[in-house]
Protein chains: 2
Amino acid sequence: MTKPLILIVDDEPQIQRFLGHALAASGYDTCFAATGQGALEAVAAQKPDAMILDLGLPDLNGKAVIETLRAKSNLPIIVLSAHDQEMEKIMALDLGANDFVAKPFGIGELLARLRACLRKAPQPEDILRQGPLVIDLPGHTVTRDGAPVHLTPTEFDLLVMLARNPGRVLSHRQILLQIWGPAHGEDVPYLRVFIGQLRQKIESNPSAPDLIRTEPGIGYRWMAD
Amino acid sequence: MTKPLILIVDDEPQIQRFLGHALAASGYDTCFAATGQGALEAVAAQKPDAMILDLGLPDLNGKAVIETLRAKSNLPIIVLSAHDQEMEKIMALDLGANDFVAKPFGIGELLARLRACLRKAPQPEDILRQGPLVIDLPGHTVTRDGAPVHLTPTEFDLLVMLARNPGRVLSHRQILLQIWGPAHGEDVPYLRVFIGQLRQKIESNPSAPDLIRTEPGIGYRWMAD
DNA sequence: CATGATCTTTACGCAATCCTTATGCCGGGG
DNA sequence: CCCCGGCATAAGGATTGCGTAAAGATCATG
């Protein structure tokens with residue numbers, strides 16, 4: 001697990017610096033934007049794990065930023081505002097902000113709220129990890145203990161489907177429908193073969209699997225931590 | 001979709017009434033508790049969709065309430081406190097509270113935060129609990145005192161059928177028809193065997209069962225609290 | 001067209017689960 | 001006191017479901 005990246009959106013350089021130092025000291029990576037437009041670009045380019053957004057921006061209204069982001073992502077957003085007006089809070093929260101802190105704020109409170117937001121907003125990750133295994137979705141590659149693992153396309157799809165549902169049981173039927181298409185909902189033997197091949201390639205001890213566990217009569221489950 | 005049920009935990013009757021009316025007017029159902037102990041019981045009994053918790057309670061510290069609840073549920077919790085102390089906020093949020101509102105608060109802000117909380121916890125998890133036992137329906141998983149319990153498919157189905165009808169007697173015939181199908185309505189011996197195996201696995205003292213009680217000549221009953 | 005990789009299909013050994021029956025316990029009634 | 005019905009538990013054989021290997025089919029590639 002790498003350090004969470006926090007995007008700070010504020011047009012006052014002093015506040016940028018202040019927040020930047022405080023967050024860095026608490027173990028976060030940071031990046032910055034000074035305008036609403038810049039914020040949207042930074043989100044797209046850097047894919048931060050959370051955003052701290054000052055409502056008082058020069059160009060776009062901060063609320064427009066929230067609205068735009070919410071249309072396509074559930075990035076945790078903490079709103080910062082000079083005005084301790086109730087109306088501000090209500091509107092920001094209703095637009096989809098996750099939390100609200102009024103200036104002047106205590107850095108401790110901000111950090112606590114940030115932790116609370118990060119704790120319960122696990123966005124769909126691009127990189128899945130489980131023990132020694134790393135699955136790079138955009139790169140379409142899998143490595144174990146740093147060594148690349150060669151998977152056929154079907155094996156890869158199957159692995160991704162499992163790893164995206166950690167701890168949950170996926171039924172034979174569910175998996176077959178998603179990977180092999182609507183015509184093969186009953187072809188359980190395919191599944192068995194491919195699960196076997198996957199285990200050979202990714203389990204440290206294929207005969208005592210602890211990543212892909214089988215649920216007799218039901219399906220398979222990807223083990224969470 | 002029925003109205004969300006909000007549990008209000010406060011020891012001051014005026015505040016209870018005030019919040020009750022405000023929430024009712026906004027389309028929520030409400031229930032109340034005046035103590036920390038009462039809050040825990042109310043959560044178990046009424047299964048509310050969210051909780052508004054005053055930290056200044058007569059018995060348990062409010063923080064202990066949060067901690068206890070977080071051990072087994074992710075019920076949205078909004079903390080209410082007379083002290084606008086930063087430390088209070090930090091601790092409450094870190095323990096797992098979802099949000100924090102300082103008294104005196106505007107009812108509009110409280111409602112907005114409540115909506116924000118409910119919006120992102122829309123999944124009433126299908127998790128049944130009874131004493132030390134936790135049955136995770138979507139996860140197809142059972143744990144006792146945190147330790148996983150291995151159940152065969154039939155055992156699991158049987159347990160779920162019982163636990164879904166707490167306090168009610170299910171007749172031999174009813175159970176056999178549902179679990180074994182229409183052809184086995186009279187095969188009471190099957191049932192006895194599987195009830196026995198279930199008790200071995202989930203009862204703390206299998207020879208003096210207090211989860212699955214026998215109703216001689218009738219059937220079995222899952223004991224409620 | 002030849003080659004190698006991937007996918008489909010089948011078969012078989014093995015373990016988990018289920019079915020079935022037998023035995024023993026307990027409480028009530030003769 | 002003994003008998004009997006309803007229950008719990010143990011134990012065996014039958015069945016189902018799983019994992020693996022291996023052979024044929026299909027596809028992309030050069």
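Letters A, B, ... mirror the listed sequences (proteins, then strands); counts begin at 1.
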For atom [atom1] of [X] and atom [atom2] of [N], their distance in whole Å:
| X | N | atom1 | atom2 | value |
| --- | --- | --- | --- | --- |
| A/L191 | D/dT20 | CG | P | 13 Å |
| B/R199 | D/dA10 | CZ | P | 13 Å |
| A/I212 | D/dC18 | CD1 | P | 15 Å |
| B/D187 | C/dC19 | CG | P | 9 Å |
| B/E215 | D/dA8 | CD | P | 11 Å |

Check every atom of [options] against the side chain of [X] and return the nucleotide holding the closest atom.
| X | options | result |
| --- | --- | --- |
| B/T214 | D/dC7, C/dC19, C/dT21 | D/dC7 |
| B/F194 | D/dA10, C/dT17, C/dC18 | C/dC18 |
| B/H150 | C/dT21, C/dT17, D/dT20 | C/dT17 |
| A/T152 | D/dC18, C/dT6, C/dT10 | C/dT6 |

Taking [X] for its side chain and [Y] for its backbone only, find out whether a donor-acceptor pair lies under 3.5 Å.
| X | Y | value |
| --- | --- | --- |
| B/E203 | B/D210 | yes |
| B/R221 | B/G167 | yes |
| B/Q16 | B/D11 | no |

Is [X] near enough to [N] that one of its side-chain N or O atoms lies under 4.0 angstrom from OP1 or OP2?
| X | N | result |
| --- | --- | --- |
| A/H184 | C/dC7 | no |
| A/S207 | D/dG19 | no |
| B/Y220 | D/dG6 | no |
| B/W180 | C/dC19 | yes |
| B/T154 | C/dT17 | no |
| A/R192 | D/dC18 | yes |

Side chains of A/T214 and A/R199: is there a donor and an acceptor less than 3.5 Å apart?
-> no
Scan A/V188 against the nucleic acid and name what it touches under 4.0 Å (heavy atoms): base, sugar-phosphate only, or nothing.
-> nothing
Does the side chain of A/Y28 come within less than 4.5 Å of A/L5's, by heavy atoms?
-> no
